[in-house]
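Encoded as structure tokens, the structure appears first; notes follow it.
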Amino acid sequence: MPPAALTLPVPDDYVLARDVCSYGYFLLAPNLWSPHERRFITTLNTSRAAVTLTISQPPRHTRSAKPRSAGPITSARELLSTRGRPLHILPDRPLPPRDERLVRDQLTRMLNLTTTTRDLREFHRLDPRFKPLGRGRLFRSPSFFEDVIKTVTSCNVTWPGTISMNTRLCATLGRRSPTRRHAFPTPQALAAVAPARLRATCRVGYRDARLVDLATRFADGRVDVEWFENPSTPDADLRAALLDLPGVGPYAAHNILQLLGRYDHLPLDTESVRHARNVLSFKGTSRSLMKRIDAHFAPFAPHRFRSYWFELWNFYEARRGHSWTWDPATTGTTFTAAQLKP
DNA sequence: GGTAGACCTGGACGC
DNA sequence: GCGTCCAGGTCTACC
């Protein structure tokens with residue numbers, strides 16, 4: 001018997017194409033956005049095995065709920081035509097009730113479905129530039145663990161290197177689903193690898209011991225995930241705890257904060273400096289530009305990261321087209337500073 | 001508190 | 001095909 005499809009309700013403003021293709025992690029394994037099919041494919045860990053999900057958002061008036069091959073979205077009207085429509089989810093194996101709950105919980109985190117329409121309205125009131133397309137939700141990973149590891153694999157490396165590390169981590173250490181796609185490694189799987197083997201197989205370089213150390217802390221409970229995910233934990237406490245993690249410095253800590261839904265800190269890196277020089281026409285040393293760009297986005301508090309990020313995103317899209325049209329194998333590998341020099 | 005240098009990998013480039 | 005250079009954030013030692 002073929003596996004039963006699931007339906008996942010979403011907030012009234014939710015648009016799958018726009019909101020999946022809102023942060024670079026949608027281009028990293030085990031995620032795959034297909035611009036031609038207009039569907040998102042990912043592989044998640046459940047209680048014992050992996051499951052691959054094909055997710056689409058059929059517009060109203062579609063007789064069949066099956067994802068259709070319609071080519072990339074070409075207009076804002078077309079993009080927004082699926083707004084608020086429930087997601088259609090096709091798993092590659094039957095899901096017992098417990099696994100179905102795990103899948104729903106992970107997708108809710110990943111697609112940021114708990115962000116409220118009220119929260120987005122507040123952001124758009126502060127920064128109306130992103131109201132017409134309704135931008136504001138940011139894609140993230142199905143777990144805090146995966147967000148932390150992905151962030152560490154994005155430090156001190158060019159974007160193709162980050163893509164390569166995540167692809168190899170999944171292929172080497174991730175569980176395999178029936179359709180032969182691999183989930184992201186669990187903390188236990190990553191903690192069990194010798195650093196030298198991790199370096200050799202996943203090409204993570206000097207990050208080897210740090211990644212295993214991180215995974216071990218998650219696996220043995222020293223990292224209290226519920227505390228990190230708890231909205232009542234103060235930002236300052238979260239930041240301090242993140243900086244205590246191996247491989248996490250100021251940039252990574254601020255990036256993980258935004259992935260936790262805390263948008264008042266900017267992860268400043270060389271990309272920020274490029275943006276300050278090329279787009280905002282600021283002048284000065286890298287150090288002074290970082291201070292200046294931090295101050296520049298102060299009026300958007302507590303949504304500073306959203307304003308900063310979607311401004312950067314607009315810059316990429318002005319050169320490569322809208323993110324939901326990017327082919328993961330070509331455009332998706334070339335959208336950071338070094339590749340976008342005039 | 002600030003800074004210099006090491007840490008790895010992969011891509012670009014010159015020969 | 002080989003060697004060299006460079007980009008990228010964190011960590012440690014040192015002042």
Side-chain angles (χ1 to χ4, degrees), chain A residues 23-25 27-29 141 145-173 185 190 193-218 223 236 238-260 265-279 284-294 305 308-309 312-313 315-316 319-320 327-342:
Chain A
Y23 191 68
Y25 290 3
L27 295 162
L28 298 179
S141 299
F145 170 69
E146 188 174 330
D147 271 341
V148 171
I149 299 295
K150 277 188 157 59
T151 298
V152 172
T153 64
S154 74
C155 290
N156 198 31
V157 68
T158 54
W159 183 245
T162 303
I163 293 176
S164 163
M165 281 185 243
N166 280 273
T167 302
R168 289 168 184 265
L169 280 170
C170 292
T172 311
L173 300 170
L190 186 52
V193 188
R197 187 180 155 234
L198 187 67
R199 179 184 295 219
T201 55
C202 300
R203 316 295 295 162
V204 297
Y206 66 89
R207 299 163 196 81
D208 55 359
R210 294 176 194 176
L211 291 172
V212 173
D213 188 356
L214 273 170
T216 306
R217 292 178 192 217
F218 275 84
V223 171
L238 281 178
R239 184 176 182 278
L242 289 168
L243 288 171
D244 273 345
L245 296 176
V248 177
Y251 163 81
H254 291 184
N255 193 56
I256 296 167
L257 279 171
Q258 69 85 6
L259 292 162
L260 287 167
H265 304 265
L266 300 186
L268 297 173
D269 58 1
T270 51
E271 198 67 354
S272 321
V273 172
R274 176 202 55 74
H275 188 73
R277 288 204 174 106
N278 297 351
V279 179
T285 61
S286 294
R287 193 176 177 78
S288 67
L289 288 176
M290 286 199 184
K291 282 186 181 168
R292 199 167 163 196
I293 201 165
D294 199 61
F305 176 77
Y308 162 77
W309 180 254
L312 276 186
W313 211 236
F315 173 82
Y316 302 145
R319 281 150 185 77
R320 292 289 191 272
D327 174 14
T330 54
T331 314
T333 66
T334 64
F335 80 99
T336 51
Q339 307 289 335
L340 287 170
K341 282 175 184 165

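Naming: A, B, ... by sequence-line order, numbering from 1 per chain.
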[atom1] of [X] versus [atom2] of [N]: gap in Å, rounded?
X        : N      : atom1 : atom2 : answer
A/Leu198 : B/dC7  : CG    : P     : 19 Å
A/Arg203 : B/dT9  : CZ    : P     : 5 Å
A/Leu266 : C/dG9  : CG    : C1'   : 16 Å
A/Lys291 : B/dG1  : NZ    : P     : 13 Å
A/Tyr206 : C/dT12 : OH    : P     : 12 Å
A/Leu243 : C/dG9  : CG    : C1'   : 13 Å
A/Met165 : B/dC7  : CE    : P     : 17 Å

Residues two or more places apart in sequence or in another chain: which of them pass side-chain hydrogen bond (donor to acceptor under 3.5 Å, both in side chains) with [X]?
X        : answer
A/Arg239 : A/His254
A/Ser164 : A/Arg168
A/Ser288 : A/Thr285
A/Arg217 : A/Asp213

Of the residues in [range], which ones touch DNA chain C at a heavy-atom distance under 4.0 Å?
range                       : answer
residues 148-155 of chain A : A/Cys155
residues 207-215 of chain A : A/Arg210
residues 252-260 of chain A : A/Ala252

What is the distance from atom CD of A/Glu271 to atom CZ of A/Phe315, rounded to the nearest 0.5 Å?
8.0 Å

Looking at CG of A/Asn156 and OH of A/Tyr251, how far apart are the two atoms once the value is rounded to the nearest 0.5 Å?
11.5 Å

Pick base, sugar-phosphate or nothing for A/Leu245, based on heavy-atom distances below 4.0 Å to the nucleic acid.
sugar-phosphate

Base, sugar-phosphate, or nothing for A/Gly161, non-hydrogen atoms under 4.0 angstrom?
nothing

Between the base of C/dG8 and the side chain of A/Tyr251, is there a donor and acceptor pair under 3.5 angstrom?
no

The side chain of A/Asn156 lies closest to which of these nucleotides: B/dG10, B/dC7, C/dT10?
B/dC7

Indicate the atoms forming the closest heavy-atom contact of A/Gly24 with A/Trp309, along with that distance.
N-CZ2, 4.3 Å

Quick check: does any side chain N or O of [X] sit under 3.5 Å from a backbone N or O of [Y], one acting as donor and the other as acceptor?
X        : Y        : result
A/Arg274 : A/Asp269 : no
A/Thr333 : A/Thr330 : yes
A/Asn166 : A/Thr162 : yes

Residues two or more places apart in sequence or in another chain: which of them pass salt bridge (Lys or Arg N to Asp or Glu O under 4.0 Å) with A/Arg199?
A/Asp208

For A/Asp327, check salt bridge (Lys or Arg N to Asp or Glu O under 4.0 Å) against everything at least two apart and list the hits.
none

Output every pair passing salt bridge (charged side-chain N to carboxylate O under 4.0 Å, His left out) with a member in residues 146-162 of chain A, not counting sequence neighbours, ordered by first then second residue.
A/Arg109-A/Asp147, A/Glu146-A/Lys150

Please list, chain by chain and in numerical order, all residues satisfying ring pair (Phe, Tyr, Trp, His ring centres under 6.0 Å) with A/Tyr25, sequence neighbours excluded.
A/Tyr23

Residue whose closest nucleotide on DNA chain B lies nearer the 5' end, A/Val157 versus A/Arg287
A/Arg287

Through what angle, rounded to 10 degrees, does the axis of the helix from B/dG1-C/dC15 to B/dC15-C/dG1 turn between its ends, using five pairs per end?
30°

Would you say a side-chain N or O of A/Thr270 is under 4.0 Å from OP1 or OP2 of C/dG8?
yes

